[in-house]
Amino acid sequence: MTKTSLHAVLPWLVLALLAALVLLLPLPVAAAAPRARRFRIEASQFAYSPAVLRVNPGDQVTIELAPQDVVHGLSIDSYPVDLQADPGQVASLTFTADRPGVFKLRCSVTCGNMHPFMTGKLQVGPPTLLWRSLGLALVALAAALLPRFK
Amino acid sequence: MDAGRIAPQRERRARLFLLALLAALALVLLAAYLARPEGVLVRAAMPEQGGWLPAELKARVGEPLRLRLISEDVTHGFAVGRHDAPAVDVNPGEYREITLLFDQPGKYVYYCTRWCGLNHWRMRGTIEVVSAGQPGSDGQAAPAEPPLYLQLGIDIDAPHPAAVVPEGRPRAELTAGRISGLPEHYRSREYYLSHSPSQAWQALRQEPAAQALSDEQLWSLVAGLWQAQTRVERLEFARQQYNQNCAACHGAQGAGDGVAARQMADGAGSGPVMGMQGHGLQKPSSFADPGAMLGASPALLAGKIVRGGMGTGMPYWGPIFDDDQVMALVEYLYTFQFDYSLEVKDE
């Protein structure tokens with residue numbers, strides 16, 4: 001009785017261990033040395049260009065906001081960034097990207113009818129959350145298929 | 001006991017209750033009336049949607065004018081020309097209350113300070129301020145003297161090509177020591193205001209004192225004369241105003257390539273300009289072009305700023321900047337031609 005139940009439980013234990021590893025294992029990503037980065041973001045109704053900023057944790061990030069048509073702003077979730085500029089002006093600001101993750105860029109000045117959808121993103125470090133959730137999905141798939149191979 | 005009758009005490013209580021209810025309602029209405037927001041409601045909308053509503057206000061000298069500003073669409077700004085109240089932002093969904101006080105009668109212009117759309121620069125309104133003393137009397141401001149370009153009889157619509165242009169960009173600091181040997185009238189404000197740099201260069205070329213100078217050195221001398229007519233604080237003030245009000249069309253470097261100019265027709269001027277159709281509308285002028293810029297006197301440039309127009313979308317700034325501020329802007333425009341070194345003291 002005990003023997004058969006152990007035999008039945010073992011694959012699940014392995015899968016659970018795998019899931020824990022996927023969630024907690026430090027990723028073998030070489031930490032890049034922090035450096036200074038400068039982005040010139042041209043803002044026009046209703047998009048940023050570039051809209052995706054990729055930096056490494058610890059980088060000194062300088063953002064220059066250059067509106068191209070009307071007054072625009074730029075704020076970043078979780079970072080103390082809030083810029084505003086009229087076209088013809090450039091507003092700039094430097095901060096340290098000390099929080100890894102993906103954060104949304106948002107226009108902070110009501111610039112027109114599609115203003116709420118004027119967003120972009122700041123990606124600090126590799127998207128580990130994405131990779132871990134993909135790994136977890138694979139483990140879940142294996143768990144779903146497991147009874148078929150018995 | 002009669003079942004259909006209500007006891008008199010109960011009826012009295014019900015009447016009292018109703019009276020109290022009415023009294024409370026009256027009190028609430030009175031409180032709401034007393035606490036009502038004061039001031040004139042001014043709504044801001046993009047010029048295509050009507051601009052300032054209302055666009056004409058009235059006020060009296062010495063009496064505060066309270067305004068409640070709100071935007072109907074995007075972020076706007078509110079400021080009054082030739083008045084020292086600071087500009088405020090006007091956001092949708094948010095009342096902004098300001099109080100203005102005028103100590104001179106006259107017609108004031110209020111304008112949008114945030115680039116709210118293609119026609120932002122058309123968003124203007126007027127406040128007519130009359131003397132408090134005599135209602136009904138015209139209470140007008142003392143007539144201002146005509147602008148300098150009219151006094152000098154300059155046609156600001158005519159082309160003004162420079163007769164001579166330098167090879168490179170003149171640097172003012174080369175000449176710091178040489179200016180002292182010149183006849184005094186070249187250094188006067190009057191000469192500066194009424195002459196273009198190329199006219200000054202041609203006049204100086206005839207001067208015996210300047211015979212030894214090369215053409216390039218002579219241009220440096222002109223740049224030095226122009227530099228001597230301004231100061232660092234004036235250029236700094238003008239730079240801020242330029243970036244806020246002019247750079248969107250004329251470009252941060254003065255090349256006439258500002259972001260708003262991209263949507264404009266080219267020199268032929270028959271396409272849609274700033275969202276409107278029209279004939280003869282052209283791109284903003286370039287202050288980086290020596291052929292036009294060095295042929296323009298300060299009085300001519302000031303006239304263009306004050307009056308606007310010229311077949312372009314240039315707004316008029318006369319009611320917004322005072323004469324001294326306009327002149328500071330003109331001094332700044334010449335920095336697109338000359339390299340100044342304002343550490344050097346000429347005296």
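Sequence lines set the chain letters: A, B, ... in the order given, protein chains first and strands last, and positions in each chain run from 1.
When atom types are taken as modelled, the side chain of A:Asp86 and the backbone of B:Trp115 share a donor-acceptor pair closer than 3.5 angstrom. Judged by distance alone, the side chain of A:Thr110 and the main-chain N or O of B:Thr75 form no donor-acceptor pair under 3.5 Å.
Closest approach of A:Pro87 to B:Val259, counting heavy atoms only: CB-CG2, 3.3 Å.
Of the listed residues B:Pro92, B:Gly258, B:Ala252, B:Gly251, the one with more heavy-atom pairs under 4.5 angstrom with chain A than any other is B:Pro92.
Counting non-hydrogen atoms of neighbouring residues, nucleotides and ligands closer than 6.0 angstrom, the CG atom of B:Leu53 exceeds 12 such neighbours. The environment of CZ in B:Arg82 is crowded: more than 12 heavy-atom neighbours from other residues, nucleotides or ligands sit within 6.0 Å. The environment of B:Glu233 atom CD is dense: over 12 non-hydrogen atoms of other residues, nucleotides or ligands sit within 6.0 angstrom. Around CZ of B:Arg169, the count of heavy atoms belonging to other residues, nucleotides or ligands within 6.0 Å exceeds 12. Summarising the local packing, CD of B:Glu97 is surrounded by more than 12 heavy atoms from other residues, nucleotides or ligands at distances under 6.0 Å.
For a residue to count as touching a neighbouring chain, one of its non-hydrogen atoms must lie under 4.5 Å from one of that chain's; by this rule B:Asp73 touches chain A with the backbone only. Only the backbone of B:Thr113 comes within less than 4.5 Å of a heavy atom of chain A; no side-chain atom from C-beta onward does. Neither the backbone nor the side chain of B:Asn245 comes within less than 4.5 Å of any heavy atom in chain A.
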So B:Arg114 and A:Gln84, side chain to side chain contact (heavy atoms under 4.5 Å, CB included) or not? Walk me through it. CA-CA 11 Å; B:Arg114 288 294 194 186; A:Gln84 277 190 16; 3.2 Å; yes
